[in-house]
Amino acid sequence: MEEAKDKFIKRLREARGEEDKLEILWKAIVAFQMFPFYTVKNCSFTYSVKGNEMKISRKEKTITRSTVKLALRHALELGVVNGPKKLGVFGASYLYPIFLFFGIIDEKQT
């Protein structure tokens, strides 16, 4: 699993442009379905992907690919993101740890 993660991180860093990054990120999201992630408050969650939606195990609602795209745009603009709210989208508390995992954002250094 670590090898697959490293492969996606490398591809994301080499990608040019937001659309290329989104395509690679979405493939990574699909590949890591059911992988355990943790929110900032240490709540465990997994997700599944069906079409262009992520179904979070802790919620009834889904996060759409277009929401992921918007969060990605915000993350790329900010670079260092000091919490999920800074992503400014629905489901940010779940996207934040995923973005950290894939190296899209860095946590604020204290």
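This structure is a prediction, so every number in the text was calculated from the model and none was measured. Sequential numbering from 1 along the given sequence is applied to the chain's residues.
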>> Membership question, hydrophobic clusters at under 4.5 Å side-chain separation (ILVMFWY): are Leu100 and Tyr38 in the same one?
In response: no
> Between Val81 and Val40, is there a shared hydrophobic cluster once you connect ILVMFWY residues whose side-chain heavy atoms come closer than 4.5 Å?
Replying inline: yes
> For residues 10-36, which residue pairs qualify under ring pair (Phe, Tyr, Trp, His ring centres under 6.0 Å), counting only residues two or more places apart or in two chains?
Replying inline: Phe32-Phe35, Phe32-Phe101, Phe32-Phe102, Phe35-Phe37, Phe35-Phe101
Under 3.5 Å, side-chain donor or acceptor atoms of residues 83-95 against the rest of the protein: list the pairs with distances, not counting sequence neighbours.
none

Write down the atom of [X], the atom of [Y], and the distance for their closest heavy-atom approach.
| X | Y | value |
| --- | --- | --- |
| Ile24 | Arg11 | CD1-O, 3.5 Å |
| Lys21 | Leu12 | NZ-O, 2.7 Å |
| Pro36 | Thr46 | CA-CG2, 4.0 Å |

> Considering residues at least two apart in sequence or located in another chain, which fulfil the side-chain contact (heavy atoms from CB on, under 4.5 Å) criterion with Ser48?
Replying inline: Gln33, Met34, Lys55
> side-chain contact (heavy atoms from CB on, under 4.5 Å) with Arg13: which residues, sequence neighbours excluded?
Replying inline: Ile9
>> Under the rule for side chain to side chain donor-acceptor pair (under 3.5 Å), what residues qualify as partners of Glu23, not counting sequence neighbours?
In response: Arg65
>> List the residues meeting side chain to side chain donor-acceptor pair (under 3.5 Å) with Glu3, not counting sequence neighbours, and say none if there are none.
In response: none
> Under the side chain to side chain donor-acceptor pair (under 3.5 Å) rule, what pairs show up with a residue in residues 67-80, not counting sequence neighbours?
Replying inline: Glu18-Arg73, Glu19-Lys69, Thr64-Thr67
> So, do Tyr47 and Ile63 sit near enough that their side-chain heavy atoms are less than 4.5 Å apart?
Replying inline: no
> Any side-chain heavy-atom pair from Tyr96 and Thr39 closer than 4.5 angstrom?
Replying inline: no
> CG of Leu22 to CG of Leu76: how many Å apart, nearest 0.5 Å?
Replying inline: 10.0 Å
